[in-house]
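Reviewing the structure listed below.
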Amino acid sequence: MANPFMNGNRQLLEPFQWKLYVDAAHYLLSDLEGDVMLGLRTARDIECIQSKAYSSQTMEINGKTDTVYAVKVGDVWVGQLDDNSSLT
């Protein structure tokens, strides 16, 4: 996939192989519920996060079962230098 940011600095960026990844915010359900108890969030806020999440996973953290929600906040381009390339 071509990187749209290569316009002005093409020579500097050409040695890299570019991949597009998802930039995500991660929320633990236990933290969200704690925020509700502190008055920082509402139950509706939790419902919105759950509905926007592109991924949710149940896991055990410190001996307790919790759910982590991943919500997309944007895209990020990650470049990896080719093995045969040089920046000099």
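Note that the coordinates shown come from a computational prediction; the quantities given were computed from them, not determined experimentally.
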In Å and rounded to the nearest 0.5 Å, what is the [atom1] to [atom2] distance from [X] to [Y]?
X     : Y     : atom1 : atom2 : result
Thr42 : Asp45 : OG1   : CG    : 3.5 Å
Thr65 : Leu29 : OG1   : CG    : 11.5 Å
Leu40 : Asp31 : CG    : CG    : 11.0 Å

Quick one: name the residues clustered hydrophobically with [X], using the 4.5 Å side-chain heavy-atom rule over I, L, V, M, F, W, Y, and just say none if it's on its own.
X     : result
Leu28 : Met59, Ile61, Val68
Val76 : Tyr21, Val78
Met37 : none

So, for [X] and [Y], which heavy atoms are closest and what is the spacing to 0.1 Å?
X     : Y     : value
Glu33 : Ile46 : N-CD1, 4.0 Å
Tyr54 : Ala24 : OH-CB, 3.6 Å
Ser56 : Tyr69 : CB-CD2, 3.5 Å

Quiz prompt | Transitive ILVMFWY side-chain link Val73 to Leu20, under 4.5 Å | solution = no
Practice problem: Is it possible for you to say whether Val36 and Ile49 belong to one hydrophobic cluster, with membership spreading through side-chain heavy-atom contacts below 4.5 Å? | Solution: yes
Quiz item: How about Lys52 and Tyr27: do any of their side-chain heavy atoms sit closer than 4.5 Å?
Solution: no
